Every structure is written in structure tokens, then in C-alpha cells.
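A quick write-up on the structure given underneath.
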Amino acid sequence: MKIKGWRLWGWLSLIFTSTLLLTVLTVYGLTMLENRQQFESREGQLLISIGRQLAKDPRVTAALEANKADSATRTYAGTVEKNFDLDFVVIMNMQGIRLTHPDPKQINRHFQGGDEVTALRGHEHVSVRRGTLGRSLRGFVPVYRQGKEIGVVALGIKVTSLQTLIKTSQDGFRLALFAGTIMGLLTAFLVAYYIKHQLHDLEPKEIARLLEERNAMLEETKDPVIVIDLHQVIMLINKAAAKLQNHLITESAFIGQPLTTLIANPERVNLNVKTEQFYQQDGQDYLFSAAPIMVKKQKIGYVIFLRNATEAIFVADQLANTTAYANALQSQSHEFMNKLHVIYGLVAIKQYDELAIYLQDLLKPEQEFANRLALLVKNPLVAGFMIGEREKFAERKTTLDFEISPELPPNPNTQETKTLLTLSRYLHLGLLQHDLPDTILIQLEYAQNRLTIAYHLDEPAKRTDFISLIHQDYFQQLLTELNGSVTVSSTDPLTLTLTVDYHEEAQNDEHPNR
């Protein structure tokens with residue numbers, strides 16, 4: 001094992017060192033190139049700046065107006081060359097004839113290079129051309145007198161001089177390259193040694209065992225689990241996830257495929273949201289959740305979990321009912337004892353007629369509601385749902401009042417009815433998470449295969465809760481299935497109105513023969 005460990009360390013060190021050298025040399029070359037370009041750009045700007053000062057000097061304008069430079073002007077030009085380490089400062093007239101030059105023999109001769117034409121047309125510019133002194137970096141600045149161009153100032157640095165300056169400026173980079181390479185090599189060896197020890201000295205069999213245990217836990221999970229990379233390509237799934245599309249396709253067939261092969265509409269969910277989101281596919285409702293996979297603080301992908309939303313909502317509903325029931329028992333115990341004392345008192349004094357009236361008053365509201373519901377709602381699923389919801393809200397000290405006009409006919413489309421009840425149950429579950437008013441009025445109006453459900457609340461503060469509920473993706477999916485729409489009133493009292501499809505059972509017309 002020591003030999004194997006040393007080989008691993010050696011390979012890691014070689015890889016890190018090679019990568020480091022390649023990267024450092026590439027960065028060094030690019031840095032040198034960029035440094036050269038920046039140096040030339042700075043020198044060009046310097047030439048333009050000096051040229052602008054010369055163009056405003058009275059001695060320069062006087063020489064151009066006289067079309068001849070005296071000894072003082074030439075001395076001044078030579079002083080500027082010396083002070084700024086320039087190779088030449090040339091003053092030329094509008095015909096391109098030099099009035100000053102480091103070589104006196106070149107005075108009164110035409111400027112060479114051809115790049116002075118742009119400046120003679122009134123434009124400052126920088127170029128690299130070959131002239132009397134060889135290739136040089138040149139800057140040209142027009143000279144004006146009373147708004148009229150009278151000549152040009154040209155300044156330059158020979159390329160050989162420029163390269164010497166660049167090499168001098170790059171000495172610091174070379175020193176930094178050498179020091180950085182030494183430190184990088186040392187770091188590469190230390191990192192390789194550190195990674196070797198990150199294996200925890202595990203044997204290959206132990207690593208394989210850990211992998212099999214991980215796979216066993218993943219496969220035995222009944223909920224679909226999907227692992228994807230940042231490009232939404234599937235990296236790993238379990239059996240439950242494979243069954244989302246086809247029971248006959250194995251998990252390995254999905255590896256490397258896009259996420260859309262399992263999740264038909266991934267755009268409906270947000271992978272970066274930590275809370276559970278409702279998602280619907282092939283008529284099945286899911287609770288979608290995703291968690292980022294981080295390696296060395298870098299996100300490399302996501303693990304996706306899908307839970308059966310129907311079961312989850314049922315469990316949440318049961319939990320809410322249990323909590324509400326416990327609270328209701330506590331809050332109603334005093335009222336119940338009062339009613340029990342009244343009944344006991346009436347029995348004790350043998351006022352049986354009064355007892356019958358009292359019991360009738362207690363039972364009359366529920367009996368009346370059940371009787372009216374049986375007459376107005378012909379769909380047993382809807383009727384049972386309304387009774388259950390009324391009892392559920394009653395435990396929270398809230399009365400659900402229903403107004404139905406006209407009667408609600410039966411619906412032969414069972415799936416449509418179930419979707420309608422799921423939509424209503426989701427809305428009611430959201431309401432039960434907040435403080436409720438004493439009474440909620442629910443109006444149901446049926447006409448021409450369309451059902452309108454209006455919720456009326458007296459408390460304006462509930463408006464934000466309603467708006468938050470109806471904008472959830474899951475609510476919108478259910479609403480789309482029912483070809484429905486939803487509106488919230490902008491004025492008080494608050495009213496939320498749902499309009500959905502509700503197809504009445506077709507009835508055959510009878511034509512009796514007479």
C-alpha cells in the first residue's frame with residue numbers, strides 16, 4: 001500500500017506541476033503581450049500630450065507662421081527630446097516640410113513615412129512607421145492659429161528604444177514568474193500529498209462497499225430521486241424515477257439523457273428554490289424539491305426529489321384537522337359543559353317539553369343544512385366535500401355559508417369533479433393556515449356547463465393571502481385543466497371568484513308517440 005500511495009502522490013504531483021507550468025507560462029505570455037500593448041498605448045498618449053503642449057507654444061506657432069525655425073526654436077525642440085527621452089521632435093509646415101529635426105541635414109526636407117497626411121488634415125493620431133531614423137512610434141498633433149491649421153508637430157520614439165523600455169519594465173514580471181513558479185511547485189506537492197490522505201486509507205473493497213450501501217438506500221426509496229448536472233443532464237436515478245416514463249426501461253438507459261426525458265416540463269419549477277413546489281405530470285400531482293450538490297464549495301449539479309402530492313396534501317390536511325380538533329376541544333369544552341348543565345337541569349326539574357325545544361334548536365342548523373344540500377347538490381362527491389369542509393372550518397370557529405343557485409346537477413366526468421375538489425381543497429388548506437373571520441360566504445352559480453364559485457370575506461387583510469394562493473404554479477395548473485379563470489375584487493368586502501368547467505350529464509329528449 002505504501003508503494004501504491006507513493007505512485008498516486010507522484011502522479012498527482014506530476015499532473016499538478018505540468019498544469020501549473022502550462023498555466024503560468026500561458027498567463028505569462030498573455031501578460032507580456034498585454035503589457036507591451038499597454039506600454040505602447042501609454043507612450044502614444046504621452047506623445048500626444050507633449051505634442052499638444054508644443055502646439056500651443058508661441059515659439060512653435062511663430063516658426064510655422066514664418067515657415068522657418070530659428071536656432072532658439074530648434075534648441076527648444078532638442079530640450080524637449082532630452083527631457084522626455086524622445087528620439088525626435090519635428091515641426092513641419094502644411095506641405096510636410098521639416099522645420100526642425102535632430103539631424104540638421106533633414107531640415108527643409110519632406111517628412112518621411114506618409115502617416116503625416118492624417119495630421120495635415122486636422123486629426124491627431126499615433127502610428128508606427130519607418131522614417132529617416134528607422135521604425136518608430138510616432139505621435140502627430142496639428143497646430144492651429146486663430147482657428148486655422150498652420151502645421152503639425154511630430155514626436156517619436158524609435159522601436160529599438162521602445163523595446164528596451166519594455167524589457168526594462170518587464171524585469172519585475174520575470175522575477176514574479178520565477179518566485180510564483182517556485183511557490184506553485186511547492187504548493188502542488190503539498191496539495192497532492194493532502195489529496196492522497198483524503199482517501200482515509202480506505203481499501204478498494206471498502207470503497208466498493210460504501211458505494212453499494214449508498215445505491216441500496218437510493219433504490220429502496222419509494223419516491224423518485226434524480227441527480228443532474230448544471231446542464232440538466234441526468235447523472236443518476238433510482239427505480240422509482242425510471243417508472244415515471246416507462247416501467248420497462250432500466251435506470252442506466254436514462255444516464256446521460258436530458259432531464260426532459262423524465263420531467264416533461266422542467267420550466268414550471270425552479271431548481272434554486274428550497275421550498276417544495278407543486279408539479280403535475282401525466283395526471284399525477286407531485287411535490288417537487290431540489291437541493292444543490294456542492295463539491296469544494298462549488299455547485300456541480302442538483303438532486304431532485306418528487307413526492308406524491310395527493311398523499312402529502314392528505315397528511316397535511318390530517319395534521320391541520322388534528323391540530324384544529326385539539327384546539328376546538330379545548331376552546332369548546334366550556335361551551336359544551338354549559339349546554340350539558342342546561343340539559344341536566346331541564347331533566348332534573350322534569351321540563352321535558354322545554355328540553356325537546358332546546359335540543360331541537362341545537363340540532364336544527366345542521367339538519368337544515370343537510371336537507372337543503374340534498375335538494376340543491378345532485379353530485380354526491382361535491383355534497384360530501386361541502387359537508388366535510390363545513391365541519392372542518394367549524395372546528396376553527398368559522399361558519400361556511402353556502403348559497404347555491406340554481407341546483408348543481410350531477411357531472412358524469414369524474415376526473416373533472418376530482419380536479420375541482422382538489423382545487424377547492426388546496427384553496428381551503430391555504431386559508432386554514434391563517435386567521436379566519438367568523439363567517440365565509442361561498443356562492444355557487446351554475447349555468448351552461450360553467451360553474452362560478454365566489455368566496456366573500458369581510459376582512460380586507462386577507463387579500464394578500466388570496467393573491468398569494470392563486471399565483472402558485474400548482475393552483476394555476478389545476479385551473480388550466482378546468483379551463484378556468486380567477487379574479488379578486490379590488491374593493492371591500494374581499495371577493496374571490498372562480499369560474500370553471502362543469503359539464504352536466506347529457507339528457508336524452510323523449511318523444512312519446514301519441
Side-chain angles (χ1 to χ4, degrees), residues 32-171:
M32 293 300 99
L33 178 61
E34 183 179 359
N35 175 259
R36 181 184 183 88
Q37 293 174 347
Q38 291 179 353
F39 192 88
E40 291 180 355
S41 177
R42 289 195 302 269
E43 289 297 319
Q45 293 298 323
L46 177 62
L47 293 177
I48 294 296
S49 299
I50 299 172
R52 288 172 181 171
Q53 294 179 4
L54 290 174
K56 297 178 182 179
D57 193 283
R59 287 168 287 190
V60 175
T61 56
L64 289 172
E65 286 182 340
N67 201 23
K68 182 179 180 181
D70 55 16
S71 59
T73 304
R74 294 173 184 173
T75 303
Y76 173 63
T79 302
V80 172
E81 292 175 4
K82 182 178 180 181
N83 291 340
F84 292 98
D85 292 329
L86 304 179
D87 289 310
F88 66 85
V89 174
V90 174
I91 301 172
M92 71 183 79
N93 60 19
M94 293 301 294
Q95 288 73 40
I97 302 301
R98 305 185 186 100
L99 303 183
T100 63
H101 195 275
D103 185 0
K105 297 178 181 180
Q106 302 298 328
I107 296 175
N108 294 326
R109 291 186 179 183
H110 198 282
F111 192 85
Q112 294 184 8
D115 48 347
E116 75 280 2
V117 177
T118 302
L120 291 173
R121 294 176 180 173
H123 301 288
E124 296 178 351
H125 75 104
V126 178
S127 65
V128 178
R129 290 290 179 89
R130 179 176 296 277
T132 305
L133 301 178
R135 286 182 62 83
S136 58
L137 176 68
R138 307 173 170 190
F140 297 88
V141 178
V143 181
Y144 291 91
R145 178 70 173 177
Q146 295 180 353
K148 181 180 179 181
E149 185 178 3
I150 60 175
V152 173
V153 176
L155 310 91
I157 303 175
K158 291 189 293 186
V159 172
T160 53
S161 301
L162 187 64
Q163 290 177 345
T164 302
L165 294 174
I166 293 175
K167 290 180 180 178
T168 302
S169 68
Q170 291 178 348
D171 290 340

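Here the structure is a predicted model, which means the values were calculated and not measured. Below, each value reflects all heavy atoms present in this structure, side chains not excepted, and no hydrogens, waters or symmetry copies.
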What's the separation between atom NZ in K148 and atom CE in M94, rounded to the nearest 0.5 Å?
8.5 Å
Once ring-ring contact (aromatic ring centres under 6.0 Å, His included) is applied, do any residues pair with F88, and if so which ones, sequence neighbours excluded?
none
On a heavy-atom basis, the closest approach of A63 and T73 is CB-CG2, 4.2 Å
Residue pairs fulfilling salt bridge (Lys or Arg N to Asp or Glu O under 4.0 Å) with at least one residue in residues 131-142, sequence neighbours excluded:
D115-R138
So how far is it from K158 NZ to R130 CZ, rounded to the nearest 0.5 Å?
11.5 Å
Distance col, row I91:CD1 vs H101:NE2, nearest 0.5 angstrom, shows 12.5 Å
Under 3.5 Å donor-acceptor, Q106 side chain and P104 backbone:
no
Grab the two heavy atoms, one from L99 and one from A69, that are nearest each other, plus how far apart they are.
O-CB, 3.4 Å
Which atom pair, heavy atoms only, marks the closest approach of A55 to V141?
CB-CG1, 4.1 Å
Student check: side-chain heavy atoms of Q112 and R98 closer than 4.5 Å:
yes
Spacing of CZ belonging to R42 relative to OG belonging to S49, to within rounding of 0.5 Å:
13.0 Å
Side chains of P142 and H123, heavy atoms from C-beta outward: is any pair under 4.5 Å?
no
So, taking the atom named OG1 in T118 and the one named NE2 in H125, what distance separates them when rounded to the nearest 0.5 Å?
4.5 Å
Polar side-chain atom of R145 near backbone of I150 as donor-acceptor pair, under 3.5 Å
no
Step-by-step side chain to side chain contact (heavy atoms under 4.5 Å, CB included) determination, R74 to I107
CA-CA 10 Å; R74 294 173 184 173; I107 296 175; 3.8 Å; yes
I'd like to know if R59 pairs up with D57 as an ion pair, taking the criterion as any Lys NZ or Arg NE/NH1/NH2 lying under 4.0 Å from an Asp or Glu carboxylate oxygen.
yes
V89 side chain reached by I50 side chain, heavy atoms, under 4.5 Å
no
Taking atom CD of Q95 and atom CG of N67, what is their separation to the nearest 0.5 Å?
7.0 Å
Set of residues satisfying ring-ring contact (aromatic ring centres under 6.0 Å, His included) with respect to H110, sequence neighbours excluded:
none
Kindly indicate whether the side chain of F111, heavy atoms from C-beta on, has any atom under 4.5 Å from the side chain of V152.
no
Are any non-hydrogen side-chain atoms of L47 and L86 less than 4.5 angstrom apart?
yes
So which atom in S127 and which in F140 form the shortest heavy-atom distance, rounded to 0.1 Å?
OG-CE1, 3.8 Å
Is any side-chain heavy atom of L54 closer than 4.5 Å to a side-chain heavy atom of Y76?
yes
